[in-house]
Amino acid sequence: MIKKILIANRGEIACRVMTTCKEMGIESVAVFSDVDQKALHVLMADYSYCLGESEPSKSYLNIEKIIDAAKQSGADAIHPGYGFLAENASFAARCEEEGIIFIGPPARVISNLGDKTIARQIMIKGGVPVTPGMTQTEPDPLVLAREADKIGYPVLIKAAAGGGGKGMRIVKHPGEMQDACAAASSEAVSAFGNGAIYLEKYIEKPRHVEFQILADAYGNVIHLLERECSIQRRHQKIIEETPSPGLTPSLREEMGKAAVAAAKASGYVNAGTIEFLLDREGRFYFLEVNTRLQVEHPITEMVTGIDLVRQQIEVASGKRLALTQKDVFGRGHAIECRVYAEDPARGFFPSPGKIRFFQQPTGPGIRNDCGVYSGVEVPVDYDPIISKLVACAEDREKAIAKMIKALGEYVILGVKTPIPFLIDVLKSEPFAAGETYTDFIEKHFGNWTPGEGDIDMALISYLMNEISGRDKTQYQSSISQEALSPWKTLGNWRL
Amino acid sequence: MIKKILIANRGEIACRVMTTCKEMGIESVAVFSDVDQKALHVLMADYSYCLGESEPSKSYLNIEKIIDAAKQSGADAIHPGYGFLAENASFAARCEEEGIIFIGPPARVISNLGDKTIARQIMIKGGVPVTPGMTQTEPDPLVLAREADKIGYPVLIKAAAGGGGKGMRIVKHPGEMQDACAAASSEAVSAFGNGAIYLEKYIEKPRHVEFQILADAYGNVIHLLERECSIQRRHQKIIEETPSPGLTPSLREEMGKAAVAAAKASGYVNAGTIEFLLDREGRFYFLEVNTRLQVEHPITEMVTGIDLVRQQIEVASGKRLALTQKDVFGRGHAIECRVYAEDPARGFFPSPGKIRFFQQPTGPGIRNDCGVYSGVEVPVDYDPIISKLVACAEDREKAIAKMIKALGEYVILGVKTPIPFLIDVLKSEPFAAGETYTDFIEKHFGNWTPGEGDIDMALISYLMNEISGRDKTQYQSSISQEALSPWKTLGNWRL
Amino acid sequence: MEYNLIINDKTFPVTLDIQDGKKYVVSIGEKQFSVEFDRIGEHLLSLDVNGKKINTYLADTPEGKEIFFNGKSYLVIDADALEQEGTRKSSGGKSSDEVTSPMPAVVIKVMVKEGDMVEKGQGVVVVSAMKMETTLFAPFAGCVTKINVQSGDKVMPGVILVDIEKIEENT
Amino acid sequence: MEYNLIINDKTFPVTLDIQDGKKYVVSIGEKQFSVEFDRIGEHLLSLDVNGKKINTYLADTPEGKEIFFNGKSYLVIDADALEQEGTRKSSGGKSSDEVTSPMPAVVIKVMVKEGDMVEKGQGVVVVSAMKMETTLFAPFAGCVTKINVQSGDKVMPGVILVDIEKIEENT
């Protein structure tokens, strides 16, 4: 069994992994860059290793330094979290070579599924529905245009190495083909160092629905139901929920089977996510596999009651899955909001800086996977996520109400956050109606502004604080009136 | 529908009720005594009314003042919480008279079930198993002795108005009968103003197992599974869990049916708890009905996913139960620890005072129903509960591990708490084995002492704090280095 | 007491009167508010405004006093104090003729050339930082007088990327 | 530097050496610890002790410095500072001849009479407060010289309920 895990990550996800480690009696090792010396994940760990300069390539992306830290600390295993090295096949391979357990799928699986055309081929062989399109990359725009004619416009040009919307172009008319190919390929070169592109049918106004899967090393695969992740800005999810408002029980069963088939076809081991696009007619198409713990995994944990990190660690230890498909059932409805240090009023531009006051919402059905605390700096160097707030209640309407209440009570002073934006989205008619398609933000909140708010109350607060500031000495001295404690009278022996 | 609720209580339970009010869009009105002006429940409310002097009879137990506050504030309904006026039939009747909805059962039901002998008669009629014993009070010790001979020793003398272990005596031999009757009766007089006693078979080494029930005004009754509450000190529960380690599925079903029968027999409406004693042979006996929200209700909410306060409010609004028995199923295992301001090393003596620093544990599956914050005073005037910490996980073993971790991270400085005691109980062999009988604390932890602990680490901390204190000016000046923020460079327009 | 407080570049004259020991009257324009409060901690005030309670959280930031309640933050600045300080703050409501990056970043694209006329809010430069690209917009209508960077340049906060000469609008 | 620190009435001589800028060596008896730390907030230190990390929380209380980690609190007092102050604190380890209630309470029962000999830890008075009854015990063996209360009396903290004259033990 694993006794000590190095977490090759930072922020909320490193903290999340350590929580389960501690419950399992496993020691945790944090790694950190210079700017993260006082980061929450460092405080939470049993041991910590400094990786040096803050630049990701010199710290959290530096394979040599991380392997070295694992060896020095005597860690049996490495958990990569998400981002950074989580889907880096060479890192997984390097761990395998060094005899360190990589908590994730085998390097070969990461590598195969990381290439979109290979992944498509695997899925087609496994009988998983894919969007009509090519299974090979193609440099010649003329060949691509012929394929587009066969599939029918609109089509989507995609980069083989793609991710995060980079190297993607929608083409609605044959005339746009040549320019779009050139643009997508050059974008892909600069983003991934690989300009290879291919072409798929473009699905209009889809939902993004993904299935959580769990697989052990003995061929047992189950799914843990779906997550709907259609609320995105710049191709990044910001609100996720489960169950999806777009699924019927029979569609859920069908998609779940496809997800399990996808995992089996790729020889998957450990936790992973099969992403699908779901069109308005209830047809679904394989999109990609995320070969790691997903950012939005907590909503699955809330509705299934299963700790996914524990499952990951047990599978990585070589254990068989203790769960079968019939042990998995969802109850209630969970919603996650991603809370970044960013300014929703100015194009979600990052807003790093010192958190001057921080107070998390709490209460029944509330979970906040968090990586910061009062007084800490959100550094400019990394993804500016502060936390993921999750609300779970009996049904969707109650979960929305719970989330709106929790967001309203989430105090983060010193950096901007999307909280007022998230509240407006959750209170909106189309969200309440479950009309969550991938164009949701663009369509309904493209021109969002925070609005005036309650200026009067802000002015009143300012004044009362000024007034109270004058009494600050008095306030503080009352704090130190310790002499009045009844315990003073105990004399010098204890009851 | 109810629009504004006055919560006739304080502390964590008042806060708990307000949380659901807010999620339901219902305004909340707090009442408070002079010492509670800055209490958390006052901060959380939309409106608040001062009741005056801290003495309970002049504030939280003062029916006139509370009715007056409800009228002044325009509250439609009153939620009594637990304790104080929660099981006071006159208060419920008074609310009925004033046209204010009392969120609890009808006054008549409270009154009937509050008298133990009447309650026994109701249960016998309803076919609910009761401990062999008398259904009438009896002043003559000779008559009581004859009854005891019939039932067989040991027997338990109980006060009709009893509660909290007062007016109770175990009698093992006929010779002790006369003295025991006199003692129990006089104790009952001074505790309840009513010396009436009766007699039951004494169940040796039982488990305390209770069932949560929900009933609407139309005769629909369901149960929400059981809670095991055997870990008690001075007849007060300190650790509760669900499911009970002592129940088989068939016994659970049988007891659940008895609980529903008990509720129906008494004409119950709203949420309530049917308490049973369970003997070593799996026989169970009606103990009493708690005609209110129970302190330990959160563990039921965790495993069933149902918000009991919401159900209470909806039933009180005249709605039919939306749930049927088949909608209720438990998942996972939940444990609650009650955290009081008290000193476990000195007979659990209350330890009121100022909370100098407070930091709640958080994380997946953790809930802390809390009534305090950093800097608040725990007053000497009331029940010294700080919070109820709840951990929920896949199974009992994991829930115990989660609770031990959470307790270890629960920072409460300034007042004593039972946290080290609770950790030792949860780590103990008999607890792990589920050997939770009502004599658990007495048997296994009667002579508990906190132990030395890690003196070295405490000394080291002290020294490092001293060292760091010298640099405090330096530390504080680094806090105010605001001038270095990159945002400073934004100039005078905003991006 | 009279205050001039700035929120979102608007100045609000506000008066504060002490009614008795604990009660205050705040006047904002035509509106009057009866206010009581308790200080709960360094960052928290519990207010009672016209009988309704609300908790507000406060902290000092380089830009002014940040005040949070009901899921929304407000930046409040005392105009008089500002004047006394004699410094210009970012929310002081005056104009600037500079486009700078708010943080260390790489220039991805310059979208204008010298001599171009730009509208208020028009994209001027695209920079990339913290794993995301962002467009810097013109803060007002004007004429681009100088471009100091090109695609690929690393820029630090405060470096002026593009100079824009303002054309007065009717506001 | 040398310190004499008191925990649970025991005094521990401790020495502290600064090794380099950030490293310290703490010696407690025969044991040596290599320590680094970061101050995280007013009440929190992040320590690294012999390579293993631990967070400890601290606050001043009237009785001394309260230190919390791993679910347990410790009360630490600087014996030297105590001496300088010239005051006796409750954990100072000296004797008292008073029995007082720790809070406002009602006397339920007096279990001794004047002239009684009592053992250390013997129940002396039962009081009721905060919904519970508690027994006050004799802090040491001795002779009851005076009883100042009777059943039903309301007592305030600091009121001496019973005077006990100490009989010296061999400790």
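Computed from a prediction, not measured in an experiment: that's the story for all the values here.
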Next item on the list: Please identify each residue that fulfils salt bridge (Lys or Arg N to Asp or Glu O under 4.0 Å) with B:E55, with sequence neighbours left out.
Entry: B:K58

Next item on the list: Please state whether the side chain, the backbone, both or neither of B:L407 comes within less than 4.5 Å of a heavy atom of chain D.
Entry: backbone

Next item on the list: Could you tell me which portion of B:E452 (side chain, backbone, both or neither) has an atom closer than 4.5 angstrom to a non-hydrogen atom of chain D?
Entry: both

Checklist line | Donor-acceptor pair between D:E66 and D:S73 side chains, under 3.5 angstrom | finding: yes

Margin query: Assess, by modelled atom type and distance only, whether the side chains of B:S33 and B:S59 contain a donor and an acceptor separated by less than 3.5 Å.
Written below: no

Notebook entry, point to check: Can you say whether B:I412 sits under 4.5 Å from chain D via the side chain, the backbone, both, or neither, judging by heavy atoms?
Noted result: backbone

Note to self: Can you tell me which of B:I419, B:I460, B:I423 forms the most heavy-atom pairs within a distance under 4.5 Å of chain D?
What the structure shows: B:I460

Item checked: Contacting moiety of D:Y57, where chain B heavy atoms sit under 4.5 Å -> both

Checklist line | Top contributor to chain D interface from B:Q236, B:Q359, B:K416 [non-hydrogen pairs under 4.5 Å] | finding: B:Q359

Notebook entry, point to check: Hey, are B:E296 and B:R338 close enough for a salt bridge, meaning a charged N less than 4.0 Å from a carboxylate O?
Noted result: yes

Check: Counting heavy-atom pairs under 4.5 Å to chain B, which of D:I28, D:L44, D:I54, D:V26 comes out on top?
Finding: D:I28

Checklist line | Part of B:P56 within contact of chain D (heavy atom distance under 4.5 Å) | finding: neither

Next item on the list: Below 4.5 Å from any heavy atom of chain B, which atoms of D:L58 appear? Answer side chain, backbone, both or neither.
Entry: both

Notebook entry, point to check: Which atoms of D:D78 come close to chain B, meaning under 4.5 Å heavy atom to heavy atom: side chain ones, backbone ones, both, or neither?
Noted result: both

Next item on the list: Any side-chain hydrogen bond (donor to acceptor under 3.5 Å, both in side chains) involving residues 404-414 of chain B? Give me the pairs, sequence neighbours left out, ordered by first then second residue.
Entry: A:K22-B:E409, B:N368-B:Y410, B:S387-B:Y410, B:K405-B:E409

Item checked: Pair B:R234-B:Q232, side-chain donor/acceptor within less than 3.5 Å -> no

Next item on the list: Verify the distance criterion only: is there a donor paired with an acceptor across the side chains of B:N290 and B:Y82 at less than 3.5 Å?
Entry: no

